[in-house]
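By convention in this document, chain letters (A, B, ...) are assigned in the order of the sequence lines, proteins followed by strands, and residues within each chain are numbered from 1.
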Amino acid sequence: MNRLEQLKSTGNKAFVAYIMAGDGGLDRLKEQVQYLQTAGVTAIEIGIPFSDPVADGPTIEAAGNRALKQGVTLQKVLEELQSWTFQVEIPLLVMTYLNPVLKFGVERFATECGKAGVSGVIIPDLPFEHKQLVQPYVDKEGIKLIQLVTLTTTDARLNDILSEAEGFVYAVTVKGITGSRDEMSEEVKAFMRKVREKSPVPVYAGFGISKSSHVEMLRDDVDGFIVGSAIVEAFNDDRIQEIEPLIHAVTASHSI
Amino acid sequence: MTKVKICGLKEEQHVKAAKRADAIGFVFAPSKRQVTIEQAAELAKHIPADTDKIGVFVNASLKEIEDTIAGVPLTMVQLHGDEPDELVQAIQVPVIQAFSIRTKEDVGKLKKSQADYILVDAPGTEYRGGSGNVFDWSLLDGADIDPSRLIVAGGLNPGNVHAAIGQTAPYMVDVSSGVETDGRKDTAKIQEFIKQVKDDSMEQTIEKTGFFGKYGGQFVPETLMKAVKELEDAYEAVKEDPEFHKEYHHYLSEYVGREQPLTFAKRMTEALGGPKIYLKREDLNHTGAHKVNNAIGQALLAMRMGKRKIVAETGAGQHGVATATICALFDLECVIFMGEEDIKRQQLNVFRMKLLGARVESVTKGSATLKDAVNEALRYWVSNVEDTHYLIGSALGPHPFPTMVRDFQSVIGEETKRQILDKEGRLPDAILACVGGGSNAIGMFYPFIKDKDVQLIGVEAAGEGVDTDKHAATLTKGTEGVLHGALMKLLQDDAGQVQEAHSISAGLDYPGIGPEHAYLADIGRVEYRSITDEEALAAVISMSRLEGIIPALESAHAIAEAEKQAKTMTADQILVICVSGRGDKDMATYAEKLEGLS
């Protein structure tokens with residue numbers, strides 16, 4: 001059974017960590033995943049570096065460029081995942097732009113992800129309209145193709161996207177690109193409530209989540225949080241332990 | 001593509017039903033379809049601006065004709081009587097002369113006509129001006145009539161128009177009674193007739209939801225999908241809106257200075273000793289290149305969508321300057337992203353943009369050229385999508401951009417077609433244009449796509465050579481991939497990472513190519529060749545000295561390839577080069593690279 005299906009709400013909120021594969025060398029990926037698993041994250045998104053990451057802000061773009069300099073490719077990351085012998089107990093997701101997947105071959109991508117134990121894939125520049133390019137192949141492997149919804153998604157589109165959502169829904173909390181932000185508006189809360197009401201699967205908020213205050217503000221309106229830039233930065237600066245309070249702020253049973 | 005004229009319209013609903021037609025005919029001669037000048041003027045308000053309005057006359061005086069031209073106004077005149085050549089020549093707008101065909105002898109008469117176009121019709125019965133009888137199309141066989149001047153009429157209807165086009169390959173088909181029921185125009189028949197002519201055309205088959213064959217699409221982050229869809233809807237709406245076309249053409253003529261000449265390059269023709277060479281002078285546009293054609297169209301569209309902030313990318317700076325110019329004209333806020341490398345290469349253009357009131361943002365990421373500027377412009381758009389329009393400068397990006405940019409640039413090819421028919425009475429044998437993202441080329445080529453005898457050649461930048469790693473020859477060396485919102489051809493490595501392009505010309509320094517070009521390359525309709533930095537520089541010198549025209553580095557690629565192409569052609573052939581821009585912006589590069597020139 002796909003591990004993502006176990007992510008049902010237990011009262012606790014999910015914490016999904018994003019890391020850039022190969023930032024600091026591909027050999028670090030394993031320890032990063034082990035660290036996050038031990039720290040109590042719910043799932044891990046493994047980012048594949050891309051030369052033209054238009055949906056990402058400067059932090060993740062810089063991490064991707066560092067990884068590209070190390071010669072990291074989609075193929076190498078999948079091989080690395082397949083070589084692991086330690087127990088990965090939480091769902092792993094691969095987040096990649098479409099072009100590396102096309103070049104690798106969509107069917108081969110799905111098969112190799114299957115072999116690597118990947119539970120889901122996120123392709124930010126593959127909109128709902130074009131998802132059939134990938135969907136049939138990941139279906140065969142039992143891998144979920146995670147859809148994104150954003151503040152600019154119209155209601156009609158939202159209904160279409162949610163009607164076919166699987167795994168979880170990645171709800172983008174800002175209109176912009178990835179990266180840390182100071183403010184979360186009331187508009188975001190209302191949007192999250194709307195998505196959650198309609199969604200058949202858990203709704204996780206992402207893009208710009210970096211502080212406990214963001215978590216507190218959205219806690220009641222989402223099923224979990226996706227944290228990217230803050231983690232990427234912390235790993236790069238060698239101060240990942242500073243993220244732990246954020247993880248705990250999310251995952252601890254809460255009754256405020 | 002064969003054009004469609006719907007003739008003898010008298011009612012508004014029928015004019016509207018004919019909105020996809022290329023020409024509407026009003027009959028001013030005695031006929032059951034006769035209209036007055038006032039009636040025609042009223043109906044003309046519902047006709048898209050780029051549709052020809054043709055007045056049909058039988059033995060009218062020059063004054064009557066001129067008054068009618070001014071009163072409606074008409075863009076063409078069609079004569080059905082025994083008008084003398086002097087009258088035909090005195091009329092200021094293009095003239096169609098109609099001939100009734102019964103026998104081979106009748107065919108001989110029309111060959112002597114002084115008119116721009118020849119209309120062949122079945123002989124009249126009760127009234128002159130077309131009777132609706134089918135004439136024997138085979139009479140035209142072997143008559144040696146230039147199809148680009150030929151308009152076929154007489155007994156056409158939705159059921160037989162295909163056959164007529166197949167047999168005569170005319171410039172236009174003309175229908176009147178064939179789209180009537182009981183002597184009155186029939187909305188459904190009008191639409192069916194147009195569909196029969198147009199829907200086997202390439203336009204209809206390759207443009208399903210923004211794809212050209214397999215290329216194109218809307219591969220953008222979800223945040224942008226609403227904006228892209230809104231743009232798609234807004235563009236669909238203005239495409240059919242005569243007011244929009246009128247406004248667009250108004251600025252093209254009054255502000256940009258169109259139409260631009262198709263200059264006969266006498267000395268270049270002599271020097272190369274091959275075909276007659278004509279230059280399409282996009283270098284004469286205000287701001288110095290073709291980019292402004294598109295900038296005006298998109299800025300007008302943005303304002304219709306209620307957006308008053310514009311973001312754009314620029315490579316050579318020509319699109320940035322064009323955008324900054326139009327933003328100044330329309331009082332729009334303007335941010336231009338430009339690669340750091342390009343800023344160094346094109347300092348004058350950077351200053352021009354600033355002078356025009358735009359904010360120029362330097363992009364230091366990646367190769368710090370056009371590709372990276374597009375990335376940053378897209379990111380900026382993602383973050384400011386509600387009130388900002390992304391005014392993309394080439395035939396790239398997610399649907400509807402490639403189609404829209406092509407349409408706004410098609411004025412290049414449309415003018416060229418009209419001008420060459422005017423000057424030479426026939427279409428050229430070959431047309432060359434440079435290709436980076438591909439906007440001047442697609443604008444030049446598109447109106448000629450269906451004219452199979454016209455060889456179309458796109459010229460890419462080979463940089464230091466296509467076998468080095470410093471080139472921008474995307475179609476020669478690239479493979480399929482998704483970049484900047486569309487599936488196209490890309491320079492990329494085995495892992496799907498997009499590679500840096502190289503060209504001495506900042507405007508061609510892009511690792512992708514517009515999706516329509518990728519498609520036209522695949523089906524073999526356009527041939528893509530490449531020219532090195534060195535060859536382009538040599539062409540700059542030869543064009544400057546032979547014709548007194550200093551071309552932009554981008555355009556010099558097309559000129560260099562034209563010099564090669566001309567050697568394979570003969571004196572009775574015609575070659576057209578799209579001179580996409582002038583060399584002012586490149587003067588620093590020329591001074592540096594051509595130092596010691598004597």
Exercise. Taking C-beta and beyond as the side chain, do Tyr215(B) and Glu480(B) meet within less than 4.5 Å on heavy atoms?
Worked result: yes
For this session: Let me know if Val149(A) has heavy atoms under 4.5 Å from chain B in its side chain, its backbone, both or neither.
Result: backbone
For this session: Step through it carefully: locate the ring centre of Phe109(A), locate the ring centre of Tyr137(A), and say whether they are under 6.0 Å apart.
Result: no
Seminar exercise, completed: Between the CG atom in Asp52(A) and the CG atom in Leu490(B), the distance rounded to the nearest 0.5 Å is 8.5 Å
For this session: For residues Pro511(B) and Thr474(B), report the shortest heavy-atom separation together with the two atoms involved.
Result: O-CG2, 3.3 Å
Exercise. Side chain, backbone, both or neither: which part of Glu61(A) has a non-hydrogen atom closer than 4.5 Å to chain B?
Worked result: side chain
Exercise. Picking from Glu376(B), His484(B), Lys365(B), which has the most non-hydrogen pairs under 4.5 angstrom with chain A?
Worked result: Lys365(B)
Exercise. Relative to chain A, which segment of Val498(B) carries a heavy atom at a distance below 4.5 Å: side chain, backbone, both, or neither?
Worked result: both
Problem set entry | Heavy-atom contact with chain B under 4.5 Å, split by part of Glu129(A) | side chain
Seminar exercise, completed: Highest number of heavy-atom pairs under 4.5 Å with chain B among Leu98(A), Asp125(A), Asn99(A) belongs to Asn99(A)
Seminar exercise, completed: Counting heavy-atom pairs under 4.5 Å with chain B, the top scorer among Asn65(A), Ile123(A), Leu68(A), Thr73(A) is Leu68(A)
Exercise. Is chain B contacted by the side chain of Phe50(A), its backbone, both, or neither, given a heavy-atom distance below 4.5 Å?
Worked result: both
Exercise. Where does Leu133(A) contact chain B at under 4.5 Å (heavy atoms): side chain, backbone, both or neither?
Worked result: side chain
Problem set entry | Residue among Leu126(A), Leu74(A), Leu148(A), Ile48(A) with most heavy-atom pairs under 4.5 Å to chain B | Leu148(A)
Exercise. For Glu500(B) and Thr369(B), what are the C-alpha separation, side-chain angles and deciding distance, and is it a side chain to side chain donor-acceptor pair (under 3.5 Å)?
Worked result: CA-CA 9 Å; Glu500(B) 293 178 11; Thr369(B) 60; over 6 Å; no
Problem set entry | chain A contact via Gln499(B) - side chain, backbone, both or neither, heavy atoms under 4.5 Å | neither
Exercise. Short question: side chain of Asn294(B), backbone of Val405(B) - any donor-acceptor pair under 3.5 Å?
Worked result: no
Exercise. Is there a side-chain contact between Met338(B) and Val363(B) (heavy atoms, below 4.5 Å)?
Worked result: no
Exercise. Does the side chain of Met192(A) reach to within under 4.5 Å of the side chain of Glu187(A), using non-hydrogen atoms?
Worked result: no
